[in-house]
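Remarks on the structure that follows.
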Amino acid sequence: MHKNSFFEDVFEVVRLIPKGKISTYGAIAEYLGTKGAARMVGWALNQCNDTGKENIPAHRVVNRKGLLTGKIHFRGKSMGGLLRADGIQISNNQIMDFENLLWEPRKELL
DNA sequence: AATGTGACACAAT
DNA sequence: TATTGTGCCACAT
């Protein structure tokens, strides 16, 4: 069952984030059973910039405070713009109503 | 095989 | 309350 690498697991979970919702690095790492690998989740998502992984809504993953810490790593379109396209409101790199929009795979995918 | 890295998370100050 | 420092784990080199 561990055929997929950690990165691929991350991609798979991120792909499941519904439009209009967002998740966090820590929540995803925790769901994958490696709670301490939150940083690794971000690094994995960095690979999303590569062609072929454009289906992955990396913009829906933020840190646990709802801050768009990863926006600087986006090439081309801005992270905030993509989130707004999902109907999410942003103010000063902070997702509005963050807690209400949070999608935790640990709960949702159970 | 060992060391370095990183889009985090948390505790201590 | 805001900063700072440390842990953390899987991947890259």
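Reminder, nothing fancy here: chain letters follow the sequence lines and each chain counts from 1. This structure is a prediction, so every number in the text was calculated from the model and none was measured.
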Next item on the list: Take the protein atom CG of Asp9(A) and the nucleotide atom P of dA10(C), then report the distance between them rounded to whole Å.
Entry: 11 Å

Item checked: Proximity to the side chain of Ala37(A) - top-ranked nucleotide from dA7(B), dC9(C), dA9(B) -> dC9(C)

Every protein N/O within reach of nucleotides 11-13 of chain C N/O, cut-off under 3.5 Å:
residue: dC11(C); atom: OP1; partner: Phe6(A); partner atom: N; Å: 2.8

Note to self: Are there over 12 heavy-atom neighbours, none belonging to Gln94(A), within less than 6.0 Å of that residue's CD?
What the structure shows: yes

Next item on the list: May I have the distance from Phe11(A) (atom CZ) to dA7(B) (atom P), rounded to whole angstrom?
Entry: 15 Å

Next item on the list: Specify the closest pair of heavy atoms between Glu104(A) and Ala27(A), including all atoms of both residues, with the distance to one decimal.
Entry: CG-CB, 4.5 Å

Check: Which nucleotide sits closest to the side chain of Thr34(A): dA10(C), dG7(C), dA9(B)?
Finding: dA10(C)

Next item on the list: May I ask you to evaluate whether Arg64(A) reaches the phosphate of dC10(B), defined as a side-chain N or O under 4.0 Å from OP1 or OP2?
Entry: yes

Check: Would you say Arg84(A) and Ile90(A) make side-chain contact, with heavy atoms under 4.5 Å?
Finding: yes

Item checked: Cluster overlap Ile17(A) with Phe7(A), hydrophobic side-chain contacts below 4.5 Å -> yes

Next item on the list: Check Ile72(A), Asn93(A), Leu68(A), Thr69(A) against Met79(A) for a side chain to side chain contact (heavy atoms under 4.5 Å, CB included) and give me the one that passes.
Entry: Leu68(A)

Next item on the list: Measure the distance from OH on Tyr31(A) to C1' on dA9(B) and round it to the nearest whole Å.
Entry: 21 Å

Next item on the list: Kindly check if the number of other-residue, nucleotide or ligand heavy atoms within 6.0 Å of CD (Glu108(A)) is above 12?
Entry: yes

Next item on the list: Figure out the CZ/C1' separation between Arg39(A) and dA9(B), and round it to whole Å.
Entry: 9 Å

Note to self: Rounding to an integer number of Å, can you tell me how far Lys65(A) NZ sits from dC10(B) C1'?
What the structure shows: 10 Å

